[in-house]
Visitor: 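Sending over a structure as structure tokens; questions will come in a sec.
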Protein chains: 2
Amino acid sequence: MSTYLRVLGTEDMAEAPYTSSERLSRLTGFSAPQVRRDLACFGHFGRRGVGYPVKVLQSEIRSILGIDRDWKVCVVGVGNLGNALMRYAGFEERGFKVVAAFDASPAKVGLTVGGVKVEPVAGLSRRVREEGVQLAIISVPAEAAQEVLDQLVAGGVRAVLNFARRTLAAPEDVVISSVDLAVEIEYLSYALAGRGVR
Amino acid sequence: MSTYLRVLGTEDMAEAPYTSSERLSRLTGFSAPQVRRDLACFGHFGRRGVGYPVKVLQSEIRSILGIDRDWKVCVVGVGNLGNALMRYAGFEERGFKVVAAFDASPAKVGLTVGGVKVEPVAGLSRRVREEGVQLAIISVPAEAAQEVLDQLVAGGVRAVLNFARRTLAAPEDVVISSVDLAVEIEYLSYALAGRGVR
DNA sequence: GGGTGTGAAACTCTTCACAGCG
DNA sequence: CGCTGTGAAGAGTTTCACACCC
């Protein structure tokens, strides 16, 4: 869905008011039947013999993804990666507003990154609740990740994007999505090695 | 596999010379039969009634993933994210050495990031070939990504980790792994919205 | 006994082909 | 006629249970 929304914003889409599963297939790399099934799964957006109305589809997908509104986000761990994530324009564009940032290091506390002041991690759960943060990004070292997650959950956060290399335990009603950069690059290494690259 | 290797490095593993699918299941979050099947897929590492030898399993997985050696990596696009990736310790630990970095902006060229000097993107394909780069990381804006990829392929790169929000076209023998941060966070938004969080 | 390795069943996801509607 | 939506077939994955070996 996220990918469909991305390609719908492409200039190729601006010209005509309607697009087709065939064209979406080319732009996304998914098969055309796959596109139709994905879109049909959330409602009957297409018109037979015509295609999908670009504008309507965009706003429908935004609504499905829940990005027809703003979300309050906090970043925990303002290291290299945390810094980059706080400045990442893609989040703000999609309605994800970084309203708070936390770090354990006194050297980081007090700095302003991307217009947000870095606070001590000690007040995490309290401050998260005060600010009404709904979504958190964890970019702390693996050892600290579980403790940070527990504090976030205590503060009422129900969705977490985790960059720490560690399996995290959380209650059923908390959604966690983990991105492991080492896994990604090791997959490439595996593919290269399998192809006999030396 | 990458995940198994990670948990094998955990201190919980250091005590005993053997581990079990049961224990790996708890540490990874995968089911125990899943663990056994994954490991059996690459060879008979386990001993019935005993378990898997931790040390042997580690070196076997390293060999399978192709990280029992060093890979030469370059980073294209030294923005917020590219900067963070160049300093990311996880890559170097696993044998991924950043040997070159490129950026289109004259303001970035000449800077030294993580001990590597940033070069102009103009010489990309030539320099990549000279340095023997096998693996590239793309962290440029979406508009520039396809051109960068073409240059990398021309320079002999066969594996690419792509952070640009764009579908990329490449020859069959080039492996591309894409990480889209917007997709990750939109999934969380979708999950929250579906659970009635407002 | 304990724990792996694996065939078979169950399930999910994808592909295909085509009915059906504008 | 064109293109969506969808049932049915197919492929791939996960789960289960248990044989088998240390």
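So that the names make sense, note that chain A is the first sequence line, chain B the second, and so on, each numbered from 1.
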Visitor: Let me know the distance between CZ of Phe42(A) and P of dT4(D), rounded to the nearest Å.
Guide: 18 Å

Visitor: Please collect all ring pair (Phe, Tyr, Trp, His ring centres under 6.0 Å) contacts where either partner lies in residues 19-70 of chain B, sequence neighbours excluded, each pair once.
Guide: Tyr4(B)-Phe30(B)

Visitor: Give, ordered by number, those residues of residues 52-66 of chain B having at least one heavy-atom distance below 4.0 Å to an atom of DNA chain C; if nothing qualifies, reply none.
Guide: Tyr52(B)

Visitor: For Ser20(B), enumerate each residue passing the side chain to side chain donor-acceptor pair (under 3.5 Å) test, keeping only those at least two apart in sequence or located in another chain.
Guide: none

Visitor: When clusters are formed from ILVMFWY side-chain contacts under 4.5 Å, directly or step by step, what else is grouped with Tyr18(A)?
Guide: Val50(A)

Visitor: With sequence neighbours left out, write down each residue that passes salt bridge (charged side-chain N to carboxylate O under 4.0 Å, His left out) with Glu119(A), or none if nothing qualifies.
Guide: Arg127(A)

Visitor: Any ring pair (Phe, Tyr, Trp, His ring centres under 6.0 Å) involving residues 149-198 of chain A? Give me the pairs, sequence neighbours left out, ordered by first then second residue.
Guide: none

Visitor: Which nucleotide span of DNA chain C, 5' end to 3' end, has atoms closer than 4.0 Å to non-hydrogen atoms of chain A?
Guide: dT14(C) to dG22(C)

Visitor: Taking the side chain from Asn80(B) and the backbone from Tyr88(A), do they hold a donor-acceptor pair closer than 3.5 Å?
Guide: no

Visitor: Treat primed atoms plus P, OP1 and OP2 as sugar-phosphate and everything else as base, then score nucleotides 12-22 of chain D 5' to 3': B for base contact with protein heavy atoms under 4.0 Å, S for sugar-phosphate contact only, - for none.
Guide: --SB-B-BBBB

Visitor: Applying salt bridge (charged side-chain N to carboxylate O under 4.0 Å, His left out), can you list everything that pairs with Glu147(A), at least two apart in sequence or on another chain?
Guide: none

Visitor: Per the salt bridge (charged side-chain N to carboxylate O under 4.0 Å, His left out) rule, what does the pair list look like for residues 163-184 of chain B, sequence neighbours excluded?
Guide: Arg6(A)-Asp180(B), Arg158(B)-Asp173(B), Arg165(B)-Asp180(B)

Visitor: Could you list all the salt bridge (charged side-chain N to carboxylate O under 4.0 Å, His left out) pairs where at least one residue sits in residues 26-53 of chain B, not counting sequence neighbours?
Guide: none

Visitor: Quick one: salt bridge (charged side-chain N to carboxylate O under 4.0 Å, His left out) pairs with a partner in residues 52-65 of chain B, sequence neighbours left out?
Guide: none

